[in-house]
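Residue numbers start from 1 in every chain, and the chains themselves are labelled A, B, ... in the order their sequence lines are given, proteins ahead of strands. Treat the numbers as computed from the prediction; the structure is a model and nothing was measured. FYI, side chains are in, hydrogens and waters are out, and symmetry mates aren't considered; it's all heavy atoms of this structure.
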Amino acid sequence: MTDSVALSPTSIKNALQSSAPISAILVQGWVRTRRDSKDFSFIELNDGSCLRNLQVIAGNTLSNYAMVQRLNTGASVAVRGALVESQGKGQNWELVTEEITIVGGSDESYPLQKKGHTAEFLREIAHLRPRSNLFGSVFRVRSRLAFAIHRFFQDRGFFYLNTPIITGSDCEGAGELFRVTTIDPNNAPRKANGEIDYGRDFFARATYLTVSGQLEAEAFASALSKVYTFGPTFRAENSNTSRHANEFWMIEPEMAFTDLGGNMDLAEELVKYLIHQIRDNSPDELALFAKFVDGELLARLDFVVDRPFQRTSYAEAVELLVKSGEKFEFPVGYGLNLQSEHERWLTEKHFKCPVTVFNYPKEIKPFYMRLNDDDRTVTAMDLLVPGIGEIVGGSQREERLEVLEKSMRRHKMNPTDYKWYLDLRRYGSVPHSGFGLGFERMLMFVTGISNIRDVIPFARTPGNAEF
RNA sequence: UCCAGCGUAGCUCAGUGGUAGAGCGGUCGGCUGUUAACCGAUUGGUCGUAGGUUCGAAUCCUACCGCUGGAGCCA
């Protein structure tokens with residue numbers, strides 16, 4: 001800032017954790033609120049390093065005290081002074097100012113008040129909402145959760161794999177795709193029949209944003225044994241719900257020599273590990289969520305971590321639903337998809353804990369899932385959690401060449417379009433399994449935040465790509 | 001995309017046919033080691049947009065736009 005503050009800055013998090021007074025310290029941050037006293041002004045300073053603010057005492061002997069008294073919420077300042085034990089209640093330490101530099105002012109139009117705002121309002125000011133207690137906390141936890149995911153897999157011998165974001169496969173059964181093209185829509189090359197000729201597009205074929213890295217991950221699991229992806233995923237579905245976004249992040253582990261049981265074990269272990277990590281490392285943020293977002297959050301997280309998840313086959317789940325006597329809006333029956341209300345009944349009312357449902361009828365699942373010996377079901381698994389529903393979807397993959405080709409034809413796919421994928425079954429094929437964990441859905445579960453748009457920095461949903 | 005609900009001050013909301021309100025915020029002043037401070041004053045509006053009904057519409061009707069919740073799709 002100026003040469004009079006040659007100190008290297010200290011984060012507010014570190015300052016508040018100090019075990020002893022510090023005679024000279026420099027902190028930088030944004031003013032959350034200011035209160036005047038007779039001879040000085042209290043400034044609540046936050047730099048995002050932690051939830052808590054540092055109380056700054058700015059005395060009327062400061063040369064720029066008149067400016068300090070006009071500081072608005074939102075302004076940025078650098079403060080040099082002494083960290084001392086606080087005389088007041090509510091904080092252990094406070095900073096007595098020797099010099100304060102107003103870095104960037106703010107005025108009365110700053111939209112964040114020190115009182116609570118609704119999530120809906122803050123969504124409209126997505127560029128400023130990380131300066132609020134709630135959203136600052138959400139995005140600190142988001143970072144922590146991402147770190148925990150890498151740690152979980154790296155500790156277990158998985159290799160981090162970056163699968164392509166631009167993909168040529170358009171038939172993975174995972175929703176609508178966004179097209180990637182450099183063709184000028186007003187001057188597109190045409191085939192004889194008038195259709196656009198994507199063979200003359202940038203990649204000499206039609207290309208899309210990826211909806212899953214699974215197929216590519218299978219190739220690398222067939223070489224490095226255990227891999228995981230963690231990257232952005234795009235779905236062009238016109239979904240308008242609190243748990244769908246068009247751009248989201250997904251974790252997709254893929255393991256060679258692993259069957260459905262091993263797959264379910266890993267998913268359960270991962271979910272529990274992530275809850276533990278956040279429980280241990282983000283206590284202040286969790287306390288805030290418990291207070292303002294979801295009063296039962298901590299009890300639910302502890303409950304989930306403490307006991308094994310329920311596991312039930314699709315057939316058993318259908319039977320439970322039929323016998324429940326519950327009146328459902330949608331019909332229950334073998335061969336029908338489980339509706340949200342059915343999944344919610346299983347996880348929220350019946351088992352009251354996360355539930356893994358496995359072995360679904362082959363008709364309602366994608367082509368790549370391994371056919372069971374009964375010839376009716378495939379080794380699918382969905383992990384359902386209370387409040388959110390499906391958080392993990394996965395399966396053991398079909399590793400038998402002929403069975404896979406047959407399944408492709410049954411799904412009206414042409415096996416010759418998937419030569420490289422089938423090669424994995426031609427050369428050293430092994431039983432292998434994997435799943436997709438929705439990163440944002442996991443974050444919702446851990447924070448209690450009920451809308452996916454509030455756990456993504458700048459969410460993309462239908463009709464909304466501002467910021 | 002479908003169903004339902006809601007759009008009133010910067011924010012949260014009240015007002016259901018007869019002169020647009022409150023709290024908070026902001027601004028000014030007072031008081032004060034305060035901490036969602038306190039006390040007083042003050043500022044603030046094309047009632048989402050466009051039509052229609054009516055002597056008269058924030059209020060009733062229609063369409064559109066936006067937001068929220070639910071459904072489908074899935075992570």
> Give a yes or no on whether a salt bridge exists between A:Lys13 and A:Asp47, defined as a side-chain N under 4.0 angstrom from a carboxylate O.
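Salt bridge: no.
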> Taking only nitrogen or oxygen atoms into account, show me every contact under 3.5 Å that the protein makes with nucleotides 3-10 of chain B, one pair per line with its distance.
| unit_1 | atom_1 | unit_2 | atom_2 | d |
| --- | --- | --- | --- | --- |
| B:G10 | N2 | A:Gln113 | OE1 | 2.5 |

> Would you tabulate the nitrogen or oxygen pairs shorter than 3.5 Å linking the protein to nucleotides 28-31 of chain B?
none

> Kindly assign one of parallel, tilted or perpendicular to the pair A:Phe121 and A:His117, based on the angle between their ring planes and the thresholds 30° and 60°.
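Taking A:His117 first and then A:Phe121, their aromatic rings sit tilted (interplane angle of 30° to 60°).
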> Please report the distance separating the C1' of B:G15 from the corresponding atom of B:C3, rounded so that it comes out in whole Å.
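So the two C1' atoms sit 29 Å from each other.
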> Is there, by distance only and without an angle test, a donor paired with an acceptor across the side chain of A:Gln91 and the base of B:U34 below 3.5 Å?
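In this structure, the two groups form a donor-acceptor pair.
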> Applying the 5.5 Å / 30° rule, does A:Phe40 stack onto the base of B:G33?
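The base of B:G33 is not stacked with A:Phe40 (the test needs centres under 5.5 Å and planes under 30°).
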> With a 4.0 Å cut-off, would you call A:Glu268 and A:Arg311 a salt bridge?
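Salt bridge flag = yes for A:Arg311 with A:Glu268.
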> Can you tabulate the close N/O pairs, meaning under 3.5 Å, that link protein atoms to atoms of nucleotides 66-68 of chain B?
| unit_1 | atom_1 | unit_2 | atom_2 | d |
| --- | --- | --- | --- | --- |
| B:U68 | OP1 | A:Arg123 | NH1 | 2.2 |

> Does A:Glu269 have any salt bridge (charged side-chain N to carboxylate O under 4.0 Å, His left out) partners at least two apart in sequence or in another chain, and if so, which?
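Expected list: A:Arg156.
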> Counting any heavy atom closer than 4.0 Å, what does A:Glu252 reach on the DNA or RNA strands: base, sugar-phosphate only, or nothing?
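Result for A:Glu252 = nothing.
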> Does the side chain of A:Asn133 get closer than 4.0 angstrom to OP1 or OP2 of B:A36 through an N or O atom?
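For B:A36, neither OP1 nor OP2 has a side-chain N or O of A:Asn133 closer than 4.0 Å.
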> Students often mix this up, so state it plainly: with edges at 30° and 60°, are the rings of A:Phe328 and A:His342 parallel, tilted or perpendicular?
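Correct class here is perpendicular.
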> So, is A:Thr118 close to the B:U12 phosphate, meaning a side-chain N or O under 4.0 Å from OP1 or OP2?
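For A:Thr118, the contact criterion (side-chain N or O under 4.0 Å from OP1 or OP2 of B:U12) is met.
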> Would you please name every residue forming a ring pair (Phe, Tyr, Trp, His ring centres under 6.0 Å) with A:Phe330, sequence neighbours left out?
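Per chain and number, A:Phe330 pairs via ring pair (Phe, Tyr, Trp, His ring centres under 6.0 Å) with no residue.
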> What residues, two or more places apart in sequence or in another chain, satisfy ring pair (Phe, Tyr, Trp, His ring centres under 6.0 Å) together with A:His150?
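So A:His150 forms a ring pair (Phe, Tyr, Trp, His ring centres under 6.0 Å) with A:Tyr160, A:Tyr228, A:Phe230.
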> Are A:Arg344 and B:G70 close enough that a side-chain N or O sits under 4.0 Å from OP1 or OP2?
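No, no such contact exists.
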> Compare side-chain N and O positions of A:Ser37 against OP1 and OP2 of B:G33 and report whether any pair is under 4.0 Å apart.
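For A:Ser37, the contact criterion (side-chain N or O under 4.0 Å from OP1 or OP2 of B:G33) is met.
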> A:Glu124: what forms a side-chain hydrogen bond (donor to acceptor under 3.5 Å, both in side chains) with it, not counting sequence neighbours?
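A:Glu124 satisfies side-chain hydrogen bond (donor to acceptor under 3.5 Å, both in side chains) with no residue once adjacent residues are dropped.
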> Which one is paired to B:C2, where only Watson-Crick or G-U wobble pairs with both distances under 3.5 angstrom count?
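Partner of B:C2: B:G70.
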> Between B:U62 and B:A22, how many Å separate the two P atoms, rounded to a whole number?
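Straight-line distance between the two P atoms is 33 Å.
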> Rounded to whole angstrom, note down the P distance from B:U59 over to B:G48.
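About 8 Å, rounded to a whole number of Å.
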> Any strand is fair game: report the nucleotide pairing with B:A50 by Watson-Crick or G-U wobble, both distances under 3.5 Å, or none.
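For B:A50, the partner nucleotide comes out as B:U62, under the 3.5 Å rule.
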> Using a distance-only criterion (donor-acceptor N/O pair, under 3.5 Å, no hydrogens), is the base of B:C11 paired with the side chain of A:His117?
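Flag unset: no donor-acceptor pair detected.
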> Looking at B:G69, I'd like to know if its phosphate oxygens (OP1 or OP2) sit under 4.0 Å from a side-chain N or O belonging to A:Ser242.
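No.
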> With a 4.0 Å limit, can you tell me whether A:Gln339 has a side-chain N or O closer than that to the phosphate oxygens OP1/OP2 of B:G72?
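Indeed, a polar side-chain atom of A:Gln339 lies that close.
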> When the C1' atoms of B:C73 and B:C65 are compared, how many Å lie between them, rounded to an integer?
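Straight-line distance between the two C1' atoms is 26 Å.
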> Let me check something: any side-chain donor-acceptor pairs from residues 283-293 of chain A under 3.5 Å, sequence neighbours excluded? List them with distances.
| unit_1 | atom_1 | unit_2 | atom_2 | d |
| --- | --- | --- | --- | --- |
| A:Glu285 | OE2 | A:Arg140 | NE | 2.7 |

> Please give the distance between the C1' atoms of B:C55 and B:G17 as a whole number of Å.
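Per the computed distance, 12 Å lies between those C1' atoms.
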> Where the side chain of A:Ile452 is defined as all heavy atoms beyond and including C-beta, which of B:G26, B:A71, B:A75 is the nearest nucleotide?
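So the side chain of A:Ile452 is nearest to B:A75.
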> Could you work out, with salt bridge (charged side-chain N to carboxylate O under 4.0 Å, His left out) as the rule, every residue matching A:Arg441, not counting sequence neighbours?
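By the salt bridge (charged side-chain N to carboxylate O under 4.0 Å, His left out) rule, A:Arg441 matches no residue at all.
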> Spell out yes or no: do the side chain of A:Arg35 and the base of B:C38 have one donor N/O and one acceptor N/O closer than 3.5 Å?
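Not at all, since no donor on one side and acceptor on the other fall under 3.5 Å apart.
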> Just compare B:C73, B:U1, B:G33 and give me whichever is closest to any side-chain atom of A:Thr241.
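Out of B:C73, B:U1, B:G33, the nucleotide with an atom closest to A:Thr241's side chain is B:C73.
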> Testing A:Gln91, A:Arg35, A:Arg52 one by one against A:Glu44 for a side chain to side chain donor-acceptor pair (under 3.5 Å), which residue passes?
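Checked A:Gln91, A:Arg35, A:Arg52 against A:Glu44; only one passes side chain to side chain donor-acceptor pair (under 3.5 Å): A:Arg35.
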> Can you list, by residue number, the residues of residues 41-50 of chain A that have a non-hydrogen atom closer than 4.0 angstrom to RNA chain B?
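Residues of residues 41-50 of chain A under 4.0 Å from RNA chain B: A:Phe42, A:Glu44.
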> Base of B:U59 relative to its sugar, syn (within 90° of 0) or anti?
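This nucleotide is in anti.
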> Considering only the C1' atoms, how many Å lie between B:A14 and B:G23, rounded to the nearest integer?
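It works out to 10 Å between them.
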> Using a heavy-atom cut-off of 4.0 Å across all strands, would you classify A:Ser86 as base, sugar-phosphate, or nothing?
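Base, at least one base atom sits under 4.0 Å.
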> Please determine if A:Lys272 forms a cation-pi arrangement with A:Phe309, meaning its NZ or CZ atom is less than 6.0 Å from the six-membered ring centre and no more than 45° off the ring axis.
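Yes.
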> Is it true that A:Glu176 and A:Arg235 have a side-chain N and a carboxylate O under 4.0 angstrom from each other?
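Not counted as a salt bridge, because no side-chain N and carboxylate O are separated by less than 4.0 Å.
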> Please measure how far the P atom in B:G66 lies from the corresponding atom in B:U42, and state the result in whole Å.
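The same atom, P, in both gives a distance of 41 Å.
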> In whole angstrom, give me the gap between the C1' atoms of B:U8 and B:G70.
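Going atom to atom, C1' in each nucleotide, I get 27 Å.
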> Provide a list of protein-nucleic acid N or O atom pairs under 3.5 angstrom, restricted to nucleotides 63-65 of chain B.
none

> Between B:U27, B:A36, B:A75, which one does the side chain of A:Lys114 approach most closely?
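Of the options given, the side chain of A:Lys114 lies nearest B:A36.
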> Using the test ring pair (Phe, Tyr, Trp, His ring centres under 6.0 Å), find all partners of A:Tyr360 that sit at least two apart in sequence or belong to another chain.
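Scan of A:Tyr360 (ring pair (Phe, Tyr, Trp, His ring centres under 6.0 Å), adjacent residues dropped) gives A:Tyr314.
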